[in-house]
Amino acid sequence: GEQVEQRPPHLSVREGDSAVITCTYTDPNSYYFFWYKQEPGASLQLLMKVFSSTEINEGQGFTVLLNKKDKRLSLNLTAAHPGDSAAYFCAVRRYGGSGNKLIFGTGTLLSVKP
Amino acid sequence: GALVYQYPRRTICKSGTSMRMECQAVGFQATSVAWYRQSPQKTFELIALSTVNSAIKYEQNFTQEKFPISHPNLSFSSMTVLNAYLEDRGLYLCGATDSNSGNTLYFGEGSRLIVV
């Protein structure tokens, strides 16, 4: 089945620096891609959803890049601030198939120091 | 907008007892509900996927006998962790899909299970 590897598992940056988190997936039929943020003790907050046809997506303070050829999805936080400190998870879903089976990446714990 | 309420938020149960958690979709029709578990320091594992009027599909390592799920209508689902032990502790999330936007899961706030 689909496997989603996420790197790095831990990331520490200074306030104002950029932070890049990358996921690689194996299923070529993956079509929907998601990035979630989990603050300590909390549930998942959807940051962005990306469809297979769009390679660059911009959010507030971050950019998501999708490279279908290399099966790689990345989250780039520009000018990180302490409020960005959290765990981040990518998630991947096939087109069609069994309902809403999201496969999550292994997670990245981001720490942004003042 | 689409909201998912999940309760209880936190339960402490004795080893060998059971815990039931509920998931309520508000503002949309939850045709599919996925239940996930996040064990300590881990990612989210899919337990089962439930679609109204269809059989519930459990993932490998999870069984109906251990995690019975009910999904009786388009706004409600529940799951029970039977005979909970230490390895069952973690954050349990339900994610529901809006039939009008079939590719996004809306997650509840999670039910945290602590086993003592």
Side-chain angles (χ1 to χ4, degrees), chain A residues 1-10 21 23-25 27 29-54 57 59 64 66 86-110, chain B residues 1-7 9-10 21 23 25 30-62 71 77 90-99 101-112 114:
Chain A
E2 169 75 279
Q3 292 182 25
V4 182
E5 191 171 313
Q6 186 171 338
R7 290 284 183 266
H10 301 276
I21 303 170
C23 286
T24 54
Y25 57 95
D27 187 347
N29 293 317
S30 296
Y31 195 81
Y32 302 106
F33 306 87
F34 303 84
W35 280 103
Y36 288 92
K37 177 182 180 182
Q38 184 187 31
E39 295 183 349
S43 184
L44 291 173
Q45 173 194 349
L46 178 66
L47 287 179
M48 182 168 279
K49 58 182 177 182
V50 177
F51 300 126
S52 183
S53 56
T54 309
N57 295 265
V64 171
L66 174 63
Y88 290 81
F89 294 89
C90 63
V92 175
R93 187 193 150 202
R94 293 174 60 120
Y95 181 81
S98 57
N100 300 291
K101 186 174 174 176
L102 273 185
I103 305 298
F104 282 89
T106 44
T108 297
L109 189 59
L110 173 65
Chain B
L3 290 173
V4 175
Y5 292 103
Q6 196 174 342
Y7 37 89
R9 295 290 307 277
R10 185 170 177 263
M21 56 198 84
C23 183
T31 51
S32 289
V33 174
W35 286 93
Y36 287 84
R37 177 175 73 190
Q38 184 187 34
S39 299
Q41 312 300 323
K42 297 280 181 64
T43 188
F44 294 88
E45 292 179 277
L46 179 64
I47 296 171
L49 186 63
S50 170
T51 304
V52 171
N53 298 325
S54 295
I56 298 169
K57 190 164 181 288
Y58 285 83
E59 292 294 295
Q60 197 173 6
N61 301 326
F62 297 97
H71 188 184
S77 178
L91 180 69
Y92 289 81
L93 283 187
C94 74
T97 292
D98 183 342
S99 58
S101 174
N103 52 61
T104 300
L105 274 181
Y106 298 99
F107 284 99
E109 293 186 322
S111 294
R112 187 168 297 279
I114 299 167

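From a predicted model like this one, the values you see are computed outputs, not experimental measurements. We name chains A, B, ... by the order of the sequence lines, and we start the count at 1 in each one.
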Short side-chain donor-acceptor distance under 3.5 Å, B:Thr51 and B:Ser32: yes
Steps toward ring-ring contact (aromatic ring centres under 6.0 Å, His included) verdict (A:Tyr36, A:Tyr88): CA-CA 6 Å; A:Tyr36 288 92; A:Tyr88 290 81; over 10 Å; no
Top of A:Gly107, A:Ala42, A:Gly105 for chain B proximity - count of heavy-atom pairs under 4.5 angstrom: A:Gly105
Contact class of B:Glu59 relative to chain A, heavy atoms under 4.5 angstrom: side chain
Distance-only polar pair, side chains of B:His71 and B:Ser50, donor-acceptor under 3.5 Å: yes
Winner by heavy-atom pair count (cut-off under 4.5 Å) against chain A, out of B:Gln38, B:Arg9, B:Arg10: B:Gln38
Contacts of type salt bridge (charged side-chain N to carboxylate O under 4.0 Å, His left out), residue A:Arg7, not counting sequence neighbours: A:Glu5
Region of A:Gln45 that comes under 4.5 Å of a non-hydrogen atom in chain B: neither
